[in-house]
Asker: 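Let me give you the structure first, and then I'll get to my questions.
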Amino acid sequence: TRTREEETMEKLQGLRAMAIDAGLQDKPMYSVAEIEKATGISRSTLNRERYAGRLRYFRPPGMERFVRIRCEWFDEWFNAGTCGGEGE
């Protein structure tokens with residue numbers, strides 16, 4: 001029989017599963033730095049996608065540097081096969 005933890009891990013997909021595999025806490029939103037650690041996608045790529053409006057993010061009012069990305073927003077972007085670069 002499987003443990004409750006094994007069953008939970010099977011249900012997790014996308015960014016949440018990658019984050020847990022990378023040793024991060026399971027939560028609904030992650031910072032750009034945490035996503036970089038979990039996925040290997042560079043901060044510059046993630047920020048370029050944010051600035052281009054292709055990757056949604058949350059920034060509380062009055063906070064300049066505090067940015068969080070919901071797992072489902074990242075998963076939508078990632079699963080869409082979004083890519084950057086010239087001529088693509």
Side-chain angles (χ1 to χ4, degrees):
T1 59
R2 294 183 321 216
T3 66
R4 177 177 241 146
E5 184 176 320
E6 289 171 331
E7 290 175 0
T8 301
M9 285 302 292
E10 284 183 11
K11 292 178 185 177
L12 293 177
Q13 297 177 356
L15 178 57
R16 291 180 86 175
M18 288 184 272
I20 290 169
D21 285 345
L24 299 174
Q25 181 182 356
D26 180 23
K27 52 190 180 179
M29 291 187 212
Y30 291 96
S31 69
V32 172
E34 290 170 323
I35 293 173
E36 177 184 43
K37 179 179 179 180
T39 66
I41 299 171
S42 71
R43 287 183 205 191
S44 61
T45 296
L46 294 167
N47 286 325
R48 182 175 54 245
E49 292 298 301
R50 282 192 316 109
Y51 299 144
R54 293 183 289 261
L55 178 57
R56 293 173 60 189
Y57 64 95
F58 171 75
R59 182 190 333 250
M63 303 288 279
E64 291 182 28
R65 299 180 64 100
F66 181 86
V67 172
R68 294 293 181 263
I69 298 170
R70 295 191 64 79
C71 293
E72 58 266 24
W73 298 342
F74 175 86
D75 293 342
E76 288 170 7
W77 170 81
F78 188 77
N79 293 328
T82 303
C83 57
E86 298 286 325
E88 293 186 42

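Values in this document were obtained by computation on a predicted structure and should not be read as measured data.
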Asker: Would Arg56 count as a cation-pi partner of Phe58, with NZ or CZ less than 6.0 Å from the six-membered ring centre and within 45° of the ring normal?
Answerer: no
Asker: Starting at CG of Leu46, measure out to OG1 of Thr39 and round the result to the nearest 0.5 Å.
Answerer: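 Between atom CG of Leu46 and atom OG1 of Thr39 there are 6.0 Å.
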Asker: How many angstroms lie between atom CD of Glu76 and atom SG of Cys71, to the nearest 0.5 angstrom?
Answerer: 11.5 Å
Asker: Considering non-hydrogen atoms only, spot the tightest contact between Tyr57 and Trp73 and give its length.
Answerer: C-CZ3, 3.6 Å
Asker: Going from CZ on Arg68 to NZ on Lys27, what distance comes out if it is rounded to the nearest 0.5 angstrom?
Answerer: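 Reported to 0.5 Å precision, the distance equals 6.0 Å.
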Asker: Output the distance between atom CD (Gln13) and atom CD (Glu72), rounded to the nearest 0.5 Å.
Answerer: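 Between atom CD of Gln13 and atom CD of Glu72 there are 13.0 Å.
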Asker: Find the distance between NZ (Lys37) and OG (Ser31) and round it off to the nearest 0.5 Å.
Answerer: 10.5 Å
Asker: From Met18 CE over to Ile41 CD1, what is the distance, rounded to the nearest 0.5 angstrom?
Answerer: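 Here the rounded value is 7.0 Å.
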Asker: Tyr51: which residues meet the side chain to side chain contact (heavy atoms under 4.5 Å, CB included) condition with it, sequence neighbours left out?
Answerer: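 Tyr51 satisfies side chain to side chain contact (heavy atoms under 4.5 Å, CB included) with Asn47 only.
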Asker: My understanding is that only residues two or more places apart in sequence, or in another chain, count here; which of them pass side chain to side chain contact (heavy atoms under 4.5 Å, CB included) with Ala19?
Answerer: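 Scan of Ala19 (side chain to side chain contact (heavy atoms under 4.5 Å, CB included), adjacent residues dropped) gives Leu24, Tyr30, Ala38.
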Asker: Measure up the Trp77 and Phe74 rings against each other and bin them: parallel (under 30°), tilted (30 to 60°), perpendicular (over 60°).
Answerer: tilted
Asker: Does the Asp75 side chain pair with the main chain of Leu15, one donor and one acceptor, at a distance under 3.5 Å?
Answerer: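 The answer is yes, because a donor-acceptor pair under 3.5 Å joins these two groups.
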